[in-house]
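Structure first, then comments.
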Protein chains: 2
Amino acid sequence: MSNSLPTPAGPAGTASSRVFDHLRKDLVGGRFVAGEKLAINALKDRYQVGLSPLREALNKLAAYGLLVQENQRGFRVPKLSRDELDDIAQMRLEMEGMALERAIAKGDSLWEADLLAAAHRLKRADITLDKGEEWEHLHTQFHRTLVAPCGSVWLLRFIEQLHDQFDRYRRLGPKMPTIRQELDEQHHQLVELALQRDAKAARALMDDHIHKSYEVALKRYQEHV
Amino acid sequence: MSNSLPTPAGPAGTASSRVFDHLRKDLVGGRFVAGEKLAINALKDRYQVGLSPLREALNKLAAYGLLVQENQRGFRVPKLSRDELDDIAQMRLEMEGMALERAIAKGDSLWEADLLAAAHRLKRADITLDKGEEWEHLHTQFHRTLVAPCGSVWLLRFIEQLHDQFDRYRRLGPKMPTIRQELDEQHHQLVELALQRDAKAARALMDDHIHKSYEVALKRYQEHV
DNA sequence: GTAGATTAAAAAATCGATTATTTTGTCTAA
DNA sequence: TTAGACAAAATAATCGATTTTTTAATCTAC
C-alpha cells in the first residue's frame, strides 16, 4: 500500500514521525480541547522535539484532518459539531459496510485466523480492565482486521481517517461500561458472521454497531458542550 | 467546512501554502515521473522557496497521498499501477454516485444556476482551444459544483482526493479529442438530468461518464508504461 | 571475482537564530 | 465611552548552518 500513512515510528523513526504519531494519538484521544489554538512552543516542550520536526508533524496532521491550519495564524484543533458527527457516522455506515461485504467475499483463511486472534486479544484486554490506551489500540486493530481484505487501499484509508474523526467524539468523556458490554458482544457476533460468510447479516450487524457507537458518541458530545 | 484542504493561496499566502498548491498542480498534471525520487535541493530552486516551507509542503502532500514519504530517505512520487487505477475508479463510482444522488435531492436553485454557469464556462474553454491548465481547472470546478450540495463535508473531501489521484493517470499523455468530445457532451446531459431532478438517470450517466474516463486513463497508463 | 568492511560523498533531518505577521495593550481625538 | 492609530509583545514563518543518516565508492580477505 504505497499510499498509506506512515506506520507508527519506533525509536528508529525520525523526530517528525514520532511526534506525528504521538500528537495523532493525543488528538484522537481527546487530550486537547476542540477549537483550541495550539501553542507551538508549549508543544515543543511537551513532546521534547525541535521546531522543524514539530511543524512538519503539524502540517501532516492538518492535511490529514486532525488539525486546521490558517495561514499566518498557526494551527488549531478542529471544532466539534453535531452536523459533523452525523456526517462522519453516516460515512462510516456506507464505507465500512461496503468494505465488510467485500472483505467477506475476498478474505482467505489467514484472515479468519487474524480475525479470531484480534477478537480474542480485544476480549482479553477488556477483562484485564483496560489500562489506558491498550483497549483502544486493540479495538482499532480489530476493526482494521475486519475490513482489511476488502481489496481497496483507498477505501481502507478513508475508513481509518473516519475512525480517527469519530473517536474524537466517542472518546470525549469517561468510559461507559453498560453500553460497552453490548458493543463488545457485537464484535464477537461480527466475527461469527464473517466466518460464516454471511455478508448480508454481517453488514446489518455492522450498521447496528456503528449506530450504537454513534449514540454513545452523540451522548458524549452533548454532555461535553 | 472546517476540515477541508487550504484554499489556493494567493500572493498573500505563506511560502509553504504557495509551494503546496504549485506542487499539487504539478503532481496531478504529470510534471513528475511516477516513482521518481524528489531532489529537495532541486525543488528549492525550481519553486524559488526555502527549505523549511518546502519541507512543510512536502509533508502535507505526503499526508494527502500525492507523495510517499520514507523515513530518512525523503519523498518520492507514488508509483502508478493498474490495480490502483481500478481501485480509484471504482471508488469514484461509489462515492460520486452517492454524492450526486444526494446533491440532486438537496440542491437549491442557486445550485442550479452555479451548475449551468460552470457547464457554460467549461464549454467555452473547450471552444477557445484549451490554453494549458484552464480547461483542467474548469473541469474540476464543474465536477465539484455538481456534487457540492450533497451535504457531506467528508464525502466531498474524499471525492476531491480521488479526483487528484485519478488525474495522475488521465493526464499522463496528450489530449484525446475524439473521446473528449463524447465526455464533454455528457457534462451537459448531466446538468440536464440534475435540473430535472432525475437522480436515477443522473447516477447512471455519471457511472457511464466515470467509466469512459476510466478507459481513457487506462489507455494512457498502458501507453505510458 | 565476490562478500563484507571501510571510508567519502550526498542527502535528509534537525537546530538555533532571524524575519515577518498578528495580537495585545495603550493612548488620543471625536 | 469609544473608534481608530500606534507601539510593544507574542507568535508564526522562514532562513542558514549543523548534525545525522543513507548511498556510493573503494578496498581487503577469502
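Reminder, nothing fancy here: chain letters follow the sequence lines and each chain counts from 1. Bear in mind that the values here come from a model prediction, so they are computed numbers and not experimental data.
When DNA chain D is scanned in the 5' to 3' direction for atoms under 4.0 Å from non-hydrogen atoms of chain B, the outermost contacting nucleotides are dA13(D) to dT23(D).
Qualifying ring-ring contact (aromatic ring centres under 6.0 Å, His included) partners for H163(A), counting only residues two or more places apart in sequence or in other chains: H143(A). Here F142(B) pairs with H187(B) under the ring-ring contact (aromatic ring centres under 6.0 Å, His included) rule; sequence neighbours left out. Applying the ring-ring contact (aromatic ring centres under 6.0 Å, His included) test to F75(B) and every residue at least two apart in sequence or in another chain returns nothing. Scored by the side-chain hydrogen bond (donor to acceptor under 3.5 Å, both in side chains) test, E36(B) finds no partners at all (sequence neighbours excluded).
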Identify each donor-acceptor pair in which a side-chain atom of residues 216-225 of chain B lies under 3.5 Å from a protein atom, sequence neighbours left out, and give them as a table.
| from | atom 1 | to | atom 2 | distance (Å) |
| --- | --- | --- | --- | --- |
| R220(B) | NE | P174(B) | O | 3.2 |
| R220(B) | NH1 | R170(B) | O | 2.3 |
| R220(B) | NH2 | P174(B) | O | 2.5 |
| Y221(B) | OH | R82(B) | N | 3.4 |

Per-pair distances, 0.1 Å, donor-acceptor, side chain in residues 37-50 of chain B, under 3.5 Å, sequence neighbours excluded:
| from | atom 1 | to | atom 2 | distance (Å) |
| --- | --- | --- | --- | --- |
| Y47(B) | OH | D26(B) | OD2 | 2.6 |
| Q48(B) | NE2 | D45(B) | O | 3.0 |

Just list the side-chain donor-acceptor pairs under 3.5 Å for residues 102-113 of chain A, sequence neighbours left out, or say none.
| from | atom 1 | to | atom 2 | distance (Å) |
| --- | --- | --- | --- | --- |
| D108(A) | OD1 | L110(A) | N | 3.2 |
| D108(A) | OD1 | W111(A) | N | 3.0 |
| W111(A) | NE1 | T145(A) | O | 2.9 |
| E112(A) | OE2 | R197(A) | NH2 | 2.6 |

Can you name the atoms? Protein N/O to nucleotides 6-13 of chain C N/O, anything below 3.5 Å, with the distance.
| from | atom 1 | to | atom 2 | distance (Å) |
| --- | --- | --- | --- | --- |
| dA12(C) | O3' | G74(B) | N | 3.4 |
| dA13(C) | OP1 | Q72(B) | N | 2.9 |
| dA13(C) | OP2 | R55(B) | NH1 | 2.9 |
| dA13(C) | OP2 | R55(B) | NH2 | 3.0 |

